[in-house]
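A short write-up of the structure that comes next.
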Amino acid sequence: MSDDPSYVLVVDSDEGSLGSVAAVLAALGRPVRGARDAASALSAILASPPLIVVLAGDRTALAAIDLARVVRDRLGHRAPRILLVSGAAVRRVDLRHVDDVVRRPYRAEELVARAKRLVRASGVWSLRGKEAPRTSRRVGPA
């Protein structure tokens with residue numbers, strides 16, 4: 001990873017889904033990096049915490065929650081903001097480890113807006129003038 005913490009990390013075991021989420025989040029104007037598993041994601045986060053972590057794996061919602069828990073436990077107040085993107089049902093008690101949830105299927109502008117909110121909450125006030133695309137295409141399973 002980079003020493004520059006201004007990147008967004010997308011975690012998804014499905015390469016196609018990771019690519020589509022990363023493409024949508026490019027509208028943030030920050031570098032978007034990907035991790036295909038929890039171990040590589042955790043390694044990247046511990047080496048250089050990103051602005052936000054987007055846990056986008058649908059089949060492993062509980063594994064994503066576990067990763068979020070480990071990140072919070074290890075980094076405490078230095079932990080990045082965490083956004084869960086999932087179509088799976090997740091119990092409210094499991095959501096205490098994430099900052100926000102976007103349900104699949106989602107609109108691209110909704111994902112970008114939620115991510116922007118978390119970036120700003122992390123203390124970054126400018127997204128380099130880049131704005132979200134004004135599209136209404138749906139992403140994810142119907």
Side-chain angles (χ1 to χ4, degrees), residues 1-2 4-128 130-142:
M1 285 297 130
S2 163
D4 178 14
S6 66
Y7 73 97
V8 174
L9 180 65
V10 178
V11 183
D12 196 331
S13 60
D14 180 87
E15 191 171 338
S17 177
L18 190 151
S20 67
V21 171
V24 168
L25 292 176
L28 294 173
R30 301 288 180 166
V32 179
R33 301 204 171 104
R36 303 247 342 251
D37 58 61
S40 60
L42 183 59
S43 176
I45 293 165
L46 294 177
S48 176
L51 288 171
I52 63 170
V53 176
V54 179
L55 303 173
D58 229 7
R59 294 179 201 93
T60 57
L62 289 177
I65 301 274
D66 287 340
L67 175 59
R69 181 186 50 75
V70 169
V71 168
R72 300 285 171 148
D73 289 348
R74 292 262 189 101
L75 293 178
H77 72 280
R78 296 177 307 128
R81 304 296 173 147
I82 300 174
L83 175 63
L84 176 66
V85 178
S86 179
V90 182
R91 298 177 317 168
R92 179 172 289 243
V93 68
D94 293 325
L95 296 178
R96 70 183 182 273
H97 301 294
V98 300
D99 296 294
D100 201 355
V101 178
V102 174
R103 301 278 182 210
R104 288 183 196 248
Y106 58 85
R107 295 189 184 280
E109 63 270 8
E110 176 189 9
L111 179 60
V112 171
R114 300 276 189 98
K116 276 185 178 182
R117 186 180 65 76
L118 292 180
V119 167
R120 287 188 180 109
S122 71
V124 176
W125 302 108
S126 170
L127 289 171
R128 299 182 189 157
K130 303 258 182 170
E131 292 300 321
R134 303 257 181 225
T135 63
S136 60
R137 69 183 170 104
R138 283 187 139 339
V139 179

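Computed from a predicted structure; not experimentally measured.
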Between the OG atom in Ser20 and the CG atom in Asp12, the distance rounded to the nearest 0.5 Å is 8.0 Å
| request: Given side-chain contact (heavy atoms from CB on, under 4.5 Å), test Arg30 with Ile52 step by step and report yes or no. | output: CA-CA 11 Å; Arg30 301 288 180 166; Ile52 63 170; over 6 Å; no
CD1 (Ile65) and CG (Leu55) are apart, to the nearest 0.5 Å, by 8.0 Å
With side chains defined as the heavy atoms from C-beta onward, is the minimum distance between His97 and Ile82 less than 4.5 Å? no
Heavy-atom closest pair (Ser48 atom, Tyr7 atom, distance to 0.1 Å) is O-OH, 2.5 Å
In terms of heavy-atom contacts, Ala41 and Leu67 come closest through CB-CD2, 3.9 Å
d(Arg120 CZ, Arg81 CZ) to nearest 0.5 Å is 13.5 Å
Closest heavy-atom pair, Ala35 versus Leu18, reported as atoms and distance to 0.1 Å, is O-CD1, 3.3 Å
Residues 35-51 vs salt bridge (Lys or Arg N to Asp or Glu O under 4.0 Å), sequence neighbours excluded, gives Glu15-Arg36
*Decide yes or no for Arg104 and Ser17: does some side-chain heavy atom of the first lie under 4.5 Å from some side-chain heavy atom of the second?*
yes
Separation between CG (Leu42) and CG (Asp66), nearest 0.5 Å, reads 12.0 Å
query = Any side-chain heavy atom of Val112 sitting closer than 4.5 Å to one from Lys116?
reply = yes
Does any non-hydrogen side-chain atom of Leu46 lie less than 4.5 Å from one of Val71?
no
Taken in chain and number order and not counting sequence neighbours, the residues that satisfy salt bridge (charged side-chain N to carboxylate O under 4.0 Å, His left out) with Asp99 are Arg72
(Q) side-chain contact (heavy atoms from CB on, under 4.5 Å), that's the test. Do Leu118 and Val54 meet it? Break it down for me. (A) CA-CA 10 Å; Leu118 292 180; Val54 179; over 6 Å; no
Heavy atoms of Val53 and Pro80 approach each other most closely as CG2-CG, 3.7 Å
Here the gap from Arg74 atom CZ to Ile45 atom CD1, rounded to the nearest 0.5 Å, amounts to 10.5 Å
Heavy-atom closest pair (Leu25 atom, Ala115 atom, distance to 0.1 Å) is CD2-CB, 3.8 Å
Scanning both residues in full, the closest heavy-atom pair of Leu9 with Pro50 reads CB-CG, 4.0 Å
